[in-house]
Amino acid sequence: MDKLKFKRTVPAVFERLNAADDPSLILYYQNILSCMLASPLLFLGAIANVIIVYFFWSGNLTEVLTNSAIFLLLGLTFETISRKELNSDSFDHLISLSQSTCLAFIVIRYYHTIGPAVWTAAFVMIILAMMRLKITMLYYLAVTTFVCGLYVTFLLPADDFIFTPVYFIIQNLLFTFVFILATAAFHMTQHRYNKAIERLNAVIAQKEKIAGLYEKLNLTKQTLATQNKELQTSNEEIRKNQERLHFLAYFDGLTELPNRKMILERLHLLVNRSDDKKSIFYIVFIDLDNFKKINDTMGHLYGDDYLKYTARRLKEIIHEDDLLGRMGGDEFALIIQRNIKEEAAYNYVESLRNELCDKIKTHCSEFKVSASFGISVFPQDGKEPIELLKSADTSMYKAKELGRNNIQFFRPDMKEEILNKIQMESLLLKAYENKEFFIEYQPQFNAEDHRIRGFEALIRWNSPHYGRVSPMDFIPLAEEMGLIIGIGQWVLLTACHKFKELDNRFDQNLCISVNVSAVQMRDKNFVAIIKNVLAETSMDPKQLELEITESLFIDNIEETIEMLNDIKALNVRISLDDFGTGFSSLSYLRRLPIDTLKIDKSFIDDLSDQDASIRIVGDIISLGHNLDAHIVAEGIENTVQLDYLKANNCDCIQGFMFGRPMCFKDVEALLEKNPLK
Ligand code: C2E
Ligand code: MG
Ligand code: MG
């Protein structure tokens, strides 16, 4: 039992007694304390009895020893009880009983020696009993006092019998009074104690309630803190989402530049500025020149890289006050929102072009960047954002047309030009579907004997809207639109079919020349297409001559030469058309598998009046002969030209002088008329 484990000293028990707040524990320590005081006192009593009664009062030895033995026995009883593990009620009764036994012993054994003074012990015990938490001991003492009173009154021999009952009554009245007082005092103390306990319990309950509330408060505080944190997180998320939404709404995901919407909003702001209406600003439309090619040939990842790089590069080089955005695809727009003169704006854009036009390396590949720039000016080229953007777009379109990497300011007449072009584009698309194309054939003759060498197939467009359109006007457009591949294939097939018909009918070993665009030549399927046409028409390849132009050699010379060799391997002839106007360099001319050189009409035109040119044409003819090529002169309109060409050993002649491009029926008629020529 835990309450037994303590230092058995009076101060230690006192300390515990003072610290205890449980009534049963208090009673327990009071009992222990009673034992601890009673047992040494009783031991001392045993010794004092011997010394005082035997030696000083010369008492009877047997009686003295018996009394001391009882003292010792009672002392031992207290000591034993104090060391037992008892519940507090049994403990209380045992102690009370032992105390009463002590009182009874003292009264019975010493009354006859010291008389009523013996009751002092009873009073001391009553006082001690009053100090206890329970009244049990007081009741025990009351009973004991009464019984002992009877004993001393009636059983002890007395000198005066009559006086004894009086004495008993007085004695008991006195004790009754003492006990009543003691009980009242005890109850008052008990009442106070109970009140204090009640108050203590109330305080404890309140304290517990407060502690509970405090705990609740703490919990609420914690919950609030958690909720606050959650609120902060969701606030942060909302803020991030808003930022993201704003970014998605106003920025381009790939390049992270402002998007079309933001550019338009900025333009609205600039257009509606009320402070300084006169201040001009510029919109520059920037379109990358070879983006489609990069995307088509190298894939979209490369394309994306290219766009990202260009955006980054442009951002680095633009003025910090300007706004750059991506309008979509490979189109960027730059708003120059500074009040500068047109010349300064042009110089600025030119510097951007020069800095941008550079070889760039990304982690995927190396590109050569170039772009076309169109500039529109507020307010002269448009008072509204959309109008300004359109003007800038139009001028960019023009810049592109003029050979890329170009810068153009907007001019009102550009609009019409572009509109016309757009209209022609749509009509051209329909023309192909509506079979509005047909072919005319212009004869070519041997210069020496004027016999027919063959025909050049020339495409014609009979448009219901425009009437006859020159191939010079629509072929470049068809090339730009990529339509030329289909159209060229149709020309080749139709011309070969018709020629085969002629050949079957007239069998004059003629040849047919078909013009081939550079765009067709870049088509990887081109050789296969020729093969198919030859197979389909059963034509002798030697009778087919393909006319290519020098523009083909601007880029990818090696690849082009390779393809020409593949064509040559089919035994098809190759003719270099419009020779002298392009960029032919003599070094690679030698490497080209060319059968025929066609001197451009401009040189022939000049033959009539210019001496220098005269010499040039002669030189071209000798150069061609040195390359083992057949020389054809085209555009011959007069005898001066003809005589010169003949004198300079030109092999073949073609021109209005001998025959204009004609329909198939006229060709048939011509061959019928001139079977031997
Ligand atoms: P080209 O291949 O150099 O064709 C010769 C052009 O000169 C033809 O013009 C012809 O009509 C014209 N011509 C010939 N002799 C004379 C002459 O004595 N005087 C004048 N003033 N002109 C003469 P056309 O038919 O207008 O063709 C122009 C160009 O269009 C051709 O030049 C050729 O580059 C292109 N072209 C024509 N048909 C086709 C085609 O089927 N495919 C491709 N890719 N281009 C074609
Ligand atoms: Mg030609
Ligand atoms: Mg030509």
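Read the numbers this way: they start at 1 and go in the same order the structure lists the ligands and their atoms.
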Report the part of [X] in contact with ligand 1, treating N, CA, C, O as backbone and CB onward as side chain, heavy atoms under 4.0 Å; options are side chain, backbone, both, neither.
{"X": "Glu456", "value": "side chain"}
{"X": "Arg460", "value": "side chain"}
{"X": "Val491", "value": "side chain"}
{"X": "Lys601", "value": "side chain"}
{"X": "Ile636", "value": "backbone"}

Assess, by modelled atom type and distance only, whether the side chains of [X] and [Y] contain a donor and an acceptor separated by less than 3.5 Å.
{"X": "Ser372", "Y": "Asp289", "result": "yes"}
{"X": "Gln543", "Y": "Lys500", "result": "no"}
{"X": "Asn406", "Y": "Gln408", "result": "yes"}
{"X": "Asp322", "Y": "Tyr348", "result": "yes"}
{"X": "Thr596", "Y": "Glu545", "result": "yes"}
{"X": "Ser575", "Y": "Glu547", "result": "no"}
{"X": "Asp578", "Y": "Thr581", "result": "no"}

To the Mg ion (ligand 2), the closest N, O or S atom belonging to Asp577 is OD2
In Glu456, the N, O or S atom nearest to the Mg ion (ligand 2) is which? OE2
Donor-acceptor pair, side chain of Ser622 and main chain of Gly618, under 3.5 angstrom: yes
Atoms of ligand 1 less than 4.0 Å from [X] heavy atoms?
{"X": "Met472", "value": "28 (C), 29 (C)"}
{"X": "Glu634", "value": "3 (O), 4 (O), 5 (C)"}
{"X": "Glu637", "value": "17 (C), 18 (O), 19 (N), 20 (C), 21 (N)"}
{"X": "Pro661", "value": "11 (O)"}

For ligand 1, find out whether one of its N or O atoms is nearer than 3.5 Å to an N or O atom of [X].
{"X": "Ile459", "result": "yes"}
{"X": "Asp578", "result": "yes"}
{"X": "Gln654", "result": "no"}

Could you state the interatomic distance from CZ (Phe664) to CD1 (Ile439), rounded to the nearest 0.5 Å? 10.5 Å
Atom pair CG (Leu671) and CG (Leu510), whose distance is rounded to the nearest 0.5 Å: 6.0 Å
Report yes or no: does Ser575 have an N/O/S atom closer than 2.8 Å to the Mg ion (ligand 2)? no
Closer than 2.8 Å to the Mg ion (ligand 2), do we get an N, O or S atom from Glu547, backbone or side chain? yes
Options Ser517, Ser575, Gly635, ranked by nearest heavy atom to atom 44 (N) of ligand 1, top entry: Ser517
From the candidates Pro471, Ser513, Gly655, the one that places a heavy atom nearest atom 36 (N) of ligand 1: Pro471
With the side chain counted from C-beta on, respond yes when Leu627 and Ile594 share a heavy-atom pair under 4.5 Å apart, and no when they do not. no
Would you name the N/O/S atom of Asp578 that lies closest to the Mg ion (ligand 3)? OD1
Closer than 2.8 Å to the Mg ion (ligand 3), do we get an N, O or S atom from Glu634, backbone or side chain? yes
Angle between ring planes, Trp490 versus Phe437, binned at 30° and 60°: parallel, tilted or perpendicular? tilted
